[in-house]
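Working notes, beginning with the structure itself.
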Amino acid sequence: MTTFPRAIVFLAAVFSLCVSGAAQAKTHLRRDEIKILSSSSVQVIFVGTDVPLGTYLDANHHAISLGGAEGGLADALNQHRLDVFTSRLLPYQPMLDKLALPAMDRKLTQDSLSSVPWLNELPWLEAKREPLQDFFVRDNVKQSQAQVVVFIEPQMLMAVTTGQLLMTCIIDVEVVNQPGHITHYDQSEFTAELDIEPDDLPPRTSTPKDDEDDEDVNLERMFTNDAAGFRQLLGKLTPQFQQKLYYFFTGQDTLPPPPAATAAAAK
(Lines give C-alpha, C1' and ligand atoms only; values in the text may rest on other atoms or scores of the structure.)
Protein backbone atom coordinates (compact mmCIF):
# COMPACT_ATOMS: atom_id res chain seq x y z
CA MET A 1 0.00 0.00 0.00
CA THR A 2 1.40 3.39 -0.99
CA THR A 3 1.74 5.93 1.80
CA PHE A 4 1.46 9.60 0.93
CA PRO A 5 3.29 12.08 3.20
CA ARG A 6 1.27 14.56 5.20
CA ALA A 7 3.02 17.34 3.28
CA ILE A 8 1.37 16.24 0.04
CA VAL A 9 -2.03 16.04 1.66
CA PHE A 10 -1.37 19.50 3.13
CA LEU A 11 -0.43 20.86 -0.30
CA ALA A 12 -3.75 19.71 -1.73
CA ALA A 13 -5.64 20.97 1.31
CA VAL A 14 -4.07 24.42 1.03
CA PHE A 15 -5.22 24.61 -2.56
CA SER A 16 -8.75 23.54 -1.71
CA LEU A 17 -8.97 26.37 0.80
CA CYS A 18 -7.73 28.93 -1.72
CA VAL A 19 -9.94 28.26 -4.72
CA SER A 20 -13.27 29.64 -3.54
CA GLY A 21 -12.63 32.35 -6.15
CA ALA A 22 -10.70 32.24 -9.40
CA ALA A 23 -7.15 31.03 -8.91
CA GLN A 24 -4.48 33.63 -9.64
CA ALA A 25 -1.57 32.67 -11.84
CA LYS A 26 1.73 32.76 -9.98
CA THR A 27 4.85 34.57 -11.06
CA HIS A 28 6.79 32.09 -8.90
CA LEU A 29 6.20 29.43 -6.28
CA ARG A 30 6.13 30.53 -2.65
CA ARG A 31 8.83 29.41 -0.22
CA ASP A 32 6.46 27.06 1.62
CA GLU A 33 5.42 25.49 -1.68
CA ILE A 34 9.03 24.98 -2.74
CA LYS A 35 9.82 23.46 0.68
CA ILE A 36 6.98 20.95 0.39
CA LEU A 37 7.63 20.13 -3.25
CA SER A 38 11.38 19.72 -2.75
CA SER A 39 10.71 17.10 -0.06
CA SER A 40 8.28 15.21 -2.30
CA SER A 41 8.54 12.82 -5.21
CA VAL A 42 8.10 15.03 -8.29
CA GLN A 43 7.67 13.95 -11.90
CA VAL A 44 8.11 16.49 -14.70
CA ILE A 45 6.22 15.92 -17.95
CA PHE A 46 7.36 18.09 -20.84
CA VAL A 47 4.44 18.80 -23.17
CA GLY A 48 5.84 19.15 -26.67
CA THR A 49 4.34 20.19 -29.98
CA ASP A 50 4.88 19.47 -33.67
CA VAL A 51 4.19 23.13 -34.54
CA PRO A 52 7.60 24.84 -34.61
CA LEU A 53 6.30 28.40 -34.73
CA GLY A 54 2.74 29.27 -33.79
CA THR A 55 1.02 32.51 -34.83
CA TYR A 56 -1.07 34.98 -32.89
CA LEU A 57 -2.88 38.29 -33.27
CA ASP A 58 -1.28 41.03 -31.23
CA ALA A 59 -3.59 43.37 -29.32
CA ASN A 60 -3.30 46.23 -31.81
CA HIS A 61 -4.01 44.20 -34.94
CA HIS A 62 -7.10 42.08 -34.45
CA ALA A 63 -10.81 42.67 -34.72
CA ILE A 64 -12.55 42.69 -31.34
CA SER A 65 -15.42 40.22 -31.13
CA LEU A 66 -18.60 41.89 -29.86
CA GLY A 67 -20.96 38.95 -30.15
CA GLY A 68 -23.83 38.54 -32.59
CA ALA A 69 -23.34 39.33 -36.26
CA GLU A 70 -20.52 41.81 -35.50
CA GLY A 71 -18.74 39.20 -33.42
CA GLY A 72 -19.01 36.62 -36.19
CA LEU A 73 -17.49 39.04 -38.68
CA ALA A 74 -14.66 39.91 -36.30
CA ASP A 75 -13.93 36.24 -35.69
CA ALA A 76 -13.85 35.63 -39.44
CA LEU A 77 -11.43 38.54 -39.93
CA ASN A 78 -9.20 37.25 -37.14
CA GLN A 79 -9.09 33.78 -38.64
CA HIS A 80 -8.41 35.19 -42.10
CA ARG A 81 -5.39 37.10 -40.79
CA LEU A 82 -4.05 33.99 -39.09
CA ASP A 83 -4.56 31.92 -42.24
CA VAL A 84 -2.83 34.52 -44.45
CA PHE A 85 0.18 34.63 -42.16
CA THR A 86 0.36 30.84 -41.99
CA SER A 87 0.52 30.78 -45.79
CA ARG A 88 3.31 33.38 -45.70
CA LEU A 89 5.33 31.05 -43.49
CA LEU A 90 5.03 28.09 -45.86
CA PRO A 91 8.03 29.00 -48.08
CA TYR A 92 10.19 29.04 -44.95
CA GLN A 93 9.00 25.69 -43.59
CA PRO A 94 12.21 23.87 -44.68
CA MET A 95 14.25 26.39 -42.71
CA LEU A 96 11.95 26.07 -39.70
CA ASP A 97 12.38 22.31 -39.88
CA LYS A 98 16.15 22.75 -40.00
CA LEU A 99 16.05 24.95 -36.89
CA ALA A 100 14.25 22.12 -35.01
CA LEU A 101 12.49 24.56 -32.71
CA PRO A 102 10.43 21.94 -30.78
CA ALA A 103 13.63 20.11 -29.83
CA MET A 104 15.25 23.43 -28.96
CA ASP A 105 12.30 24.26 -26.69
CA ARG A 106 12.77 21.05 -24.73
CA LYS A 107 16.54 21.47 -24.36
CA LEU A 108 16.09 25.09 -23.35
CA THR A 109 13.53 24.09 -20.72
CA GLN A 110 15.60 21.25 -19.29
CA ASP A 111 18.79 23.32 -19.27
CA SER A 112 16.98 26.10 -17.43
CA LEU A 113 15.94 23.74 -14.64
CA SER A 114 18.90 21.36 -14.50
CA SER A 115 20.13 22.99 -11.27
CA VAL A 116 16.81 22.43 -9.43
CA PRO A 117 17.38 18.98 -7.83
CA TRP A 118 13.79 18.16 -6.92
CA LEU A 119 12.72 18.61 -10.55
CA ASN A 120 15.34 16.13 -11.76
CA GLU A 121 15.21 13.24 -9.31
CA LEU A 122 13.09 11.34 -11.84
CA PRO A 123 13.79 11.26 -15.60
CA TRP A 124 11.53 13.66 -17.45
CA LEU A 125 8.68 12.22 -19.47
CA GLU A 126 7.39 13.73 -22.70
CA ALA A 127 3.80 13.99 -23.95
CA LYS A 128 1.88 15.63 -26.77
CA ARG A 129 -1.73 16.70 -26.77
CA GLU A 130 -3.66 14.56 -29.20
CA PRO A 131 -6.79 15.86 -30.97
CA LEU A 132 -9.99 15.13 -29.04
CA GLN A 133 -8.02 13.83 -26.04
CA ASP A 134 -10.40 14.52 -23.16
CA PHE A 135 -8.29 13.30 -20.25
CA PHE A 136 -4.79 14.47 -21.12
CA VAL A 137 -3.73 15.23 -17.54
CA ARG A 138 -5.25 12.12 -16.00
CA ASP A 139 -3.87 9.82 -18.69
CA ASN A 140 -0.33 11.17 -18.29
CA VAL A 141 -0.36 11.32 -14.49
CA LYS A 142 -1.07 7.57 -14.57
CA GLN A 143 2.35 7.04 -16.17
CA SER A 144 4.07 8.34 -13.04
CA GLN A 145 4.39 6.93 -9.53
CA ALA A 146 5.27 10.38 -8.16
CA GLN A 147 3.33 12.30 -5.51
CA VAL A 148 3.40 15.49 -7.59
CA VAL A 149 3.31 15.77 -11.37
CA VAL A 150 4.40 19.01 -13.05
CA PHE A 151 3.45 19.62 -16.68
CA ILE A 152 5.62 22.19 -18.49
CA GLU A 153 4.33 23.32 -21.89
CA PRO A 154 6.29 25.99 -23.80
CA GLN A 155 5.53 27.31 -27.26
CA MET A 156 7.14 29.84 -29.56
CA LEU A 157 4.84 32.29 -31.36
CA MET A 158 5.14 35.14 -33.84
CA ALA A 159 2.68 37.99 -34.33
CA VAL A 160 1.02 38.11 -37.74
CA THR A 161 2.50 41.58 -38.15
CA THR A 162 6.01 40.08 -37.69
CA GLY A 163 6.49 42.77 -35.06
CA GLN A 164 6.87 40.47 -32.08
CA LEU A 165 8.33 37.08 -31.20
CA LEU A 166 7.46 35.44 -27.92
CA MET A 167 7.64 32.25 -25.90
CA THR A 168 4.75 31.29 -23.68
CA CYS A 169 4.89 28.59 -21.02
CA ILE A 170 2.02 26.90 -19.19
CA ILE A 171 2.92 25.17 -15.92
CA ASP A 172 0.36 22.78 -14.46
CA VAL A 173 0.88 21.19 -11.01
CA GLU A 174 -1.13 18.10 -10.06
CA VAL A 175 -1.08 16.36 -6.66
CA VAL A 176 -1.67 12.62 -6.34
CA ASN A 177 -3.30 12.18 -2.92
CA GLN A 178 -3.72 8.45 -3.38
CA PRO A 179 -3.68 6.10 -6.38
CA GLY A 180 -6.37 7.18 -8.82
CA HIS A 181 -7.19 10.41 -6.97
CA ILE A 182 -5.67 13.57 -8.50
CA THR A 183 -6.07 17.11 -7.16
CA HIS A 184 -5.34 20.08 -9.43
CA TYR A 185 -3.07 22.43 -7.47
CA ASP A 186 -2.11 25.25 -9.81
CA GLN A 187 -1.91 26.36 -13.42
CA SER A 188 0.19 29.38 -14.29
CA GLU A 189 1.39 30.93 -17.50
CA PHE A 190 4.12 33.40 -18.31
CA THR A 191 5.36 35.01 -21.50
CA ALA A 192 8.78 36.20 -22.64
CA GLU A 193 8.37 38.86 -25.33
CA LEU A 194 10.67 40.41 -27.90
CA ASP A 195 9.66 43.39 -30.04
CA ILE A 196 11.11 43.06 -33.54
CA GLU A 197 12.30 46.33 -35.04
CA PRO A 198 13.34 46.59 -38.71
CA ASP A 199 16.82 47.61 -37.58
CA ASP A 200 17.12 44.25 -35.78
CA LEU A 201 17.01 42.35 -39.07
CA PRO A 202 19.70 41.86 -41.73
CA PRO A 203 19.31 43.88 -44.94
CA ARG A 204 17.32 42.19 -47.67
CA THR A 205 19.07 40.62 -50.61
CA SER A 206 16.20 40.43 -53.13
CA THR A 207 14.84 43.11 -55.43
CA PRO A 208 11.82 45.02 -54.00
CA LYS A 209 8.41 44.36 -55.57
CA ASP A 210 5.60 46.86 -56.03
CA ASP A 211 2.92 44.77 -54.31
CA GLU A 212 4.90 43.28 -51.43
CA ASP A 213 3.82 43.64 -47.79
CA ASP A 214 6.04 44.50 -44.85
CA GLU A 215 5.33 41.07 -43.36
CA ASP A 216 6.74 39.32 -46.45
CA VAL A 217 9.83 41.50 -46.40
CA ASN A 218 10.43 40.88 -42.71
CA LEU A 219 10.10 37.11 -43.07
CA GLU A 220 12.56 37.15 -45.97
CA ARG A 221 15.05 39.12 -43.89
CA MET A 222 14.64 36.68 -41.00
CA PHE A 223 15.00 33.40 -42.85
CA THR A 224 17.45 34.03 -45.70
CA ASN A 225 21.16 33.37 -45.25
CA ASP A 226 20.53 30.27 -43.09
CA ALA A 227 17.97 32.17 -40.95
CA ALA A 228 20.69 34.43 -39.56
CA GLY A 229 18.16 37.12 -38.61
CA PHE A 230 15.83 34.69 -36.86
CA ARG A 231 18.72 33.07 -35.00
CA GLN A 232 19.75 36.51 -33.79
CA LEU A 233 16.23 37.13 -32.49
CA LEU A 234 16.30 33.80 -30.66
CA GLY A 235 19.53 34.81 -29.01
CA LYS A 236 17.73 37.79 -27.46
CA LEU A 237 14.49 36.02 -26.57
CA THR A 238 15.61 32.73 -25.06
CA PRO A 239 17.52 34.18 -22.07
CA GLN A 240 14.33 36.01 -21.05
CA PHE A 241 12.42 32.73 -21.21
CA GLN A 242 15.06 30.90 -19.17
CA GLN A 243 15.07 33.60 -16.51
CA LYS A 244 11.28 33.56 -16.12
CA LEU A 245 11.14 29.75 -15.99
CA TYR A 246 13.94 29.54 -13.40
CA TYR A 247 12.27 32.30 -11.37
CA PHE A 248 8.97 30.42 -11.28
CA PHE A 249 10.47 27.34 -9.67
CA THR A 250 13.09 28.96 -7.44
CA GLY A 251 12.04 32.55 -6.70
CA GLN A 252 15.51 33.64 -7.85
CA ASP A 253 15.23 36.42 -10.41
CA THR A 254 18.46 35.57 -12.24
CA LEU A 255 19.53 33.51 -15.21
CA PRO A 256 19.85 29.83 -14.28
CA PRO A 257 23.33 28.33 -13.93
CA PRO A 258 24.50 26.77 -17.19
CA PRO A 259 24.09 22.97 -17.29
CA ALA A 260 27.87 22.43 -17.43
CA ALA A 261 28.30 24.33 -14.15
CA THR A 262 25.48 22.32 -12.55
CA ALA A 263 27.04 19.01 -13.63
CA ALA A 264 30.50 20.05 -12.39
CA ALA A 265 29.10 21.08 -8.99
CA ALA A 266 27.38 17.71 -8.61
CA LYS A 267 30.70 15.77 -8.94
Side-chain angles (χ1 to χ4, degrees), residues 1-48 106 108-127 129 135-154 167-192 241-259 261-263 265-266:
M1 180 177 179
T2 304
T3 301
F4 291 84
R6 292 179 61 189
I8 295 301
V9 178
F10 170 74
L11 189 66
V14 168
F15 177 73
S16 66
L17 292 174
C18 295
V19 293
S20 56
Q24 296 297 313
K26 304 175 186 296
T27 56
H28 66 87
L29 295 172
R30 301 190 308 266
R31 287 186 180 180
D32 58 334
E33 292 172 317
I34 294 174
K35 182 177 180 180
I36 293 172
L37 290 170
S38 62
S39 63
S40 310
S41 173
V42 177
Q43 174 74 69
V44 175
I45 297 180
F46 177 86
V47 183
R106 167 150 186 170
L108 194 69
T109 301
Q110 281 197 282
D111 288 353
S112 301
L113 301 175
S114 63
S115 64
V116 185
W118 55 273
L119 288 173
N120 292 281
E121 291 179 357
L122 295 174
W124 284 27
L125 301 178
E126 185 164 1
R129 295 185 184 274
F135 302 104
F136 176 81
V137 169
R138 186 200 66 183
D139 292 345
N140 283 281
V141 169
K142 284 183 177 179
Q143 299 182 42
S144 173
Q145 299 298 316
Q147 300 150 348
V148 176
V149 179
V150 178
F151 293 83
I152 303 179
E153 184 174 3
M167 287 190 71
T168 64
C169 188
I170 298 173
I171 300 171
D172 189 345
V173 181
E174 304 291 330
V175 178
V176 183
N177 294 305
Q178 58 188 17
H181 186 251
I182 304 168
T183 299
H184 174 67
Y185 180 70
D186 175 69
Q187 185 176 85
S188 294
E189 182 175 0
F190 67 80
T191 301
F241 172 80
Q242 289 186 294
Q243 183 174 5
K244 286 176 177 285
L245 184 61
Y246 185 65
Y247 179 55
F248 181 88
F249 285 104
T250 66
Q252 300 179 39
D253 195 11
T254 62
L255 279 171
T262 302

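For clarity, every value in this text was computed on a predicted model and none was experimentally measured.
Atom CG of Leu245 sits about 5.5 Å away from atom CD1 of Ile171, to the nearest 0.5 Å. Going from atom CD of Gln147 over to atom CD1 of Ile36 covers 12.0 Å, rounded to the nearest 0.5 Å. Once rounded to the nearest 0.5 Å, the distance linking CD of Glu174 with CZ of Arg138 reads 12.5 Å. With rounding to the nearest 0.5 angstrom, the OH atom of Tyr246 is 10.5 Å from the OG atom of Ser112.
Contact detail for Leu125 and Arg106: the closest heavy-atom pair is O-NH1, 4.3 Å. A pairwise comparison of heavy atoms in Asp186 and Ser188 identifies OD2-OG, 2.9 Å as the closest pair. Closest heavy-atom contact between Pro259 and Ser114: CA-OG, 3.7 Å. The nearest pair of heavy atoms linking Leu113 to Asn120 is O-ND2, 2.8 Å. Residues Ser115 and Pro257 approach most closely at OG-CD, 3.4 Å, considering heavy atoms. Of all the heavy atoms in Asn140 and Phe136, the pair that sits closest is ND2-O, 2.8 Å.
By the side chain to side chain donor-acceptor pair (under 3.5 Å) test, Glu121 is found to be paired with no residue, residues two or more places apart in sequence or in another chain being considered. Here Thr168 pairs with Gln155, Leu157, Leu166, Glu189, Thr191 under the side-chain contact (heavy atoms from CB on, under 4.5 Å) rule; sequence neighbours left out. Partners of Asp253 according to the side-chain contact (heavy atoms from CB on, under 4.5 Å) rule, which considers only residues two or more places apart in sequence or in another chain, are Gln243, Tyr247.
Between Glu33 and Val173, the closest side-chain pair of non-hydrogen atoms is not below 4.5 Å. Side-chain atoms of Ile45 and Ser144, non-hydrogen and from C-beta on, never get closer than 4.5 Å to each other.
Proximity of a side-chain donor or acceptor of Gln242 to a complementary backbone N or O of Leu255 within less than 3.5 Å is not detected. A distance-only check finds a donor-acceptor pair linking the side chain of Trp124 to the backbone of Leu119 [under 3.5 Å].
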**Criterion side-chain contact (heavy atoms from CB on, under 4.5 Å) on Ile152 and Phe249, from CA distance to verdict** = CA-CA 11 Å; Ile152 303 179; Phe249 285 104; 4.0 Å; yes
